[in-house]
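Read through the structure below, which is laid out as structure tokens, and then see the notes.
These values consider heavy atoms only, across backbone and side chains, with no hydrogens, waters or symmetry-generated copies. Remember, predicted model here, so these are calculated numbers, not experimental data. Quick note: residue numbers are just sequence positions, from 1.
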Amino acid sequence: MLNNRMMFEDLCMRNESLADHSSYQIGGKANFFAMPETVEELLTLLQGCRTHGLDYFICGMGSNLLFPDNPREDTLYISLKKFVYWDISPSKWFISSGTPMSMLAITGLMFGISGYEFTYLLPGGLGAGIYMNAKYNQHQISDIIKTVYYVDLSDPSLALQSLDVSQCKYGYKQSIFQMNPWLVLGADMLAVPDEEQIAPGNELLARWKAKKGMSGLASFYTYMDGEATQLMKQGLAIPQEMTDIAAYRNGKCHFTYPSCGSVFKNNYDYGVPVGALVDRLNMKGLEYGGAMISPHHGNMIINHNHATAEDIKYLMNKIIDGINTAFGFEPEPEVVIVK
């Protein structure tokens, strides 16, 4: 028990700026913060919270959330962006939840595995992608995974459990993990690389880990673009889908300012993307405080000039009210607003 207590205290950082761990670059200083690298460290932190009477909030790379300006003092904020590893055997390829989704496209290219191209430049970790069934165009995370591993946070034993993808109740940005207090640890992928490909893959993983799990969108793009360019120099052809993704995201200035990407889910029953509805309302470019509805994409609210969480939420409410008044429904937020 003494060792666990000492380990818990060693893993916790104090007065850590949450803005440094969010693609929005917004958030006050957390009284308690941690970045576990192993399952053992993660479970030690969760058990330690029970011992010390702390609440906890767990996130990945911080690319789809809005941290509070004044974090709760009795909460341990846990980031999984250093929880990055994989286990490859002849019949299995496990990838941990902290591994960037975008790296799947890079490794797919390196390993000669198709079907992962759509993950290129998705800024979140695999765990978040599994949780929300992240998608791009017609492709989604549930298409490429086989088995998901998780722990039930309501179970005192925090025992490892698994679920076949067919049991995950996947839909448009929906999954069983949104319906239960379960923490995704990672997944087995459908495809498995050949053994001779493992070494360069491990080198790729080591280079990312050396970057300490960056959350800034500009640095994230520069890194992933650099990895793709390096593979191209080695004679590998970059798939057209990856080239198109880069062109689209750069054209919409996705990496120019801090943001969370799309703020709202599209309402497929209505049939028109939220960004297009915001455009019809002439709200693109609307500013409040340091926040702005992107002039390039109506479903993005950017941190234009040292925005606060309250600035972002103000513009979110303006969009919700505007769409409800004009089109008769309230768009559902995709961004997670952390209390």
Side-chain angles (χ1 to χ4, degrees), residues 22-27 61-67 101-102 118-124 128-129 132-140 171-174 215-218 220-221 241 243-338:
S22 164
S23 63
Y24 247 137
Q25 295 182 17
I26 291 173
M61 294 173 63
S63 61
N64 198 45
L65 54 78
L66 180 64
F67 279 128
M101 286 185 285
S102 188
F118 78 96
T119 67
Y120 186 54
L121 300 182
L122 287 176
M132 68 177 294
N133 198 20
K135 71 185 295 289
Y136 185 83
N137 288 338
Q138 302 305 311
H139 306 289
Q140 51 197 9
Y172 169 60
K173 297 190 177 179
Q174 292 181 342
S215 292
L217 291 177
F220 169 82
Y221 169 73
E241 184 174 359
T243 302
D244 291 345
I245 288 171
Y248 172 78
R249 292 194 181 278
N250 282 313
K252 296 295 184 180
C253 299
H254 281 202
F255 306 108
T256 304
Y257 290 99
S259 79
C260 71
S262 295
V263 176
F264 298 98
K265 297 179 182 179
N266 288 322
N267 184 338
Y268 284 103
D269 290 334
Y270 191 81
V272 180
V274 168
L277 297 179
V278 172
D279 195 10
R280 291 181 188 179
L281 294 172
N282 296 314
M283 295 180 71
K284 289 199 299 187
L286 179 65
E287 296 183 58
Y288 182 81
M292 174 191 290
I293 300 175
S294 171
H296 306 281
H297 194 307
N299 198 10
M300 288 177 59
I301 300 176
I302 60 177
N303 178 357
H304 180 64
N305 185 22
H306 306 291
T308 66
E310 294 304 313
D311 294 341
I312 301 293
K313 288 190 283 186
Y314 177 88
L315 289 181
M316 287 180 65
N317 288 329
K318 291 290 288 186
I319 291 174
I320 292 171
D321 291 343
I323 289 179
N324 190 32
T325 298
F327 306 109
F329 75 93
E330 295 187 4
E332 180 184 354
E334 180 175 325
V335 61
V336 175
I337 299 176
V338 185

Determine, stepwise, if the pair Val278 / Ile323 fulfils side chain to side chain contact (heavy atoms under 4.5 Å, CB included). CA-CA 7 Å; Val278 172; Ile323 289 179; 4.3 Å; yes
Working note: Tyr314 + Glu310, criterion side chain to side chain contact (heavy atoms under 4.5 Å, CB included); need CA distance, chi angles, decisive distance, verdict. CA-CA 6 Å; Tyr314 177 88; Glu310 294 304 313; over 6 Å; no
So which heavy atom on [X] is nearest to which on [Y], and how close?
{"X": "Met101", "Y": "Ala134", "result": "SD-CB, 3.8 Å"}
{"X": "Ile319", "Y": "Gly298", "result": "CD1-O, 4.2 Å"}
{"X": "Leu122", "Y": "Lys135", "result": "CD2-O, 4.2 Å"}
{"X": "Gln174", "Y": "Asn133", "result": "O-CB, 3.7 Å"}
{"X": "Asp311", "Y": "Ala307", "result": "OD2-CA, 3.6 Å"}
{"X": "Ser23", "Y": "Ser259", "result": "OG-O, 2.7 Å"}

Between atom [atom1] of [X] and atom [atom2] of [Y], what is the distance when rounded to the nearest 0.5 Å?
{"X": "Met292", "Y": "Met300", "atom1": "CE", "atom2": "CE", "answer": "12.0 Å"}
{"X": "Met61", "Y": "Leu217", "atom1": "CE", "atom2": "CG", "answer": "9.0 Å"}
{"X": "Phe67", "Y": "Ile337", "atom1": "CZ", "atom2": "CD1", "answer": "13.0 Å"}
{"X": "His304", "Y": "Thr256", "atom1": "NE2", "atom2": "OG1", "answer": "11.5 Å"}

Check whether [X] reaches the backbone of [Y] with its side chain - one donor and one acceptor, N or O, closer than 3.5 Å.
{"X": "Asn266", "Y": "Val274", "result": "yes"}
{"X": "Asn137", "Y": "His139", "result": "no"}
{"X": "Asn299", "Y": "Ser262", "result": "no"}

With side chains defined as the heavy atoms from C-beta onward, is the minimum distance between [X] and [Y] less than 4.5 Å?
{"X": "Tyr136", "Y": "Arg249", "answer": "yes"}
{"X": "Ile320", "Y": "Pro331", "answer": "yes"}
{"X": "Ile26", "Y": "Ile312", "answer": "yes"}
{"X": "Asn303", "Y": "Tyr257", "answer": "no"}
{"X": "Met316", "Y": "Ile301", "answer": "yes"}
{"X": "His254", "Y": "Tyr221", "answer": "no"}

If a pair satisfies side chain to side chain donor-acceptor pair (under 3.5 Å) and one of its residues is in residues 317-333, list it, with sequence neighbours excluded.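 The answer is Lys265-Glu332.
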Output every pair passing side chain to side chain donor-acceptor pair (under 3.5 Å) with a member in residues 273-292, not counting sequence neighbours, ordered by first then second residue.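 Residue pairs with at least one partner in residues 273-292: there are none.
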Mind running side chain to side chain contact (heavy atoms under 4.5 Å, CB included) on Ser102 and Phe220 for me, showing each step along the way? CA-CA 10 Å; Ser102 188; Phe220 169 82; 3.6 Å; yes
Go through it in stages, so that I can follow the logic: the residues are Tyr120 and Asp244, the test is side chain to side chain contact (heavy atoms under 4.5 Å, CB included), and I'd like the CA-CA distance, side-chain angles, deciding distance and then a yes or no. CA-CA 10 Å; Tyr120 186 54; Asp244 291 345; over 6 Å; no
Return the orientation label for the Tyr270 and Phe329 ring planes: parallel under 30°, perpendicular over 60°, tilted otherwise.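 Tilted.
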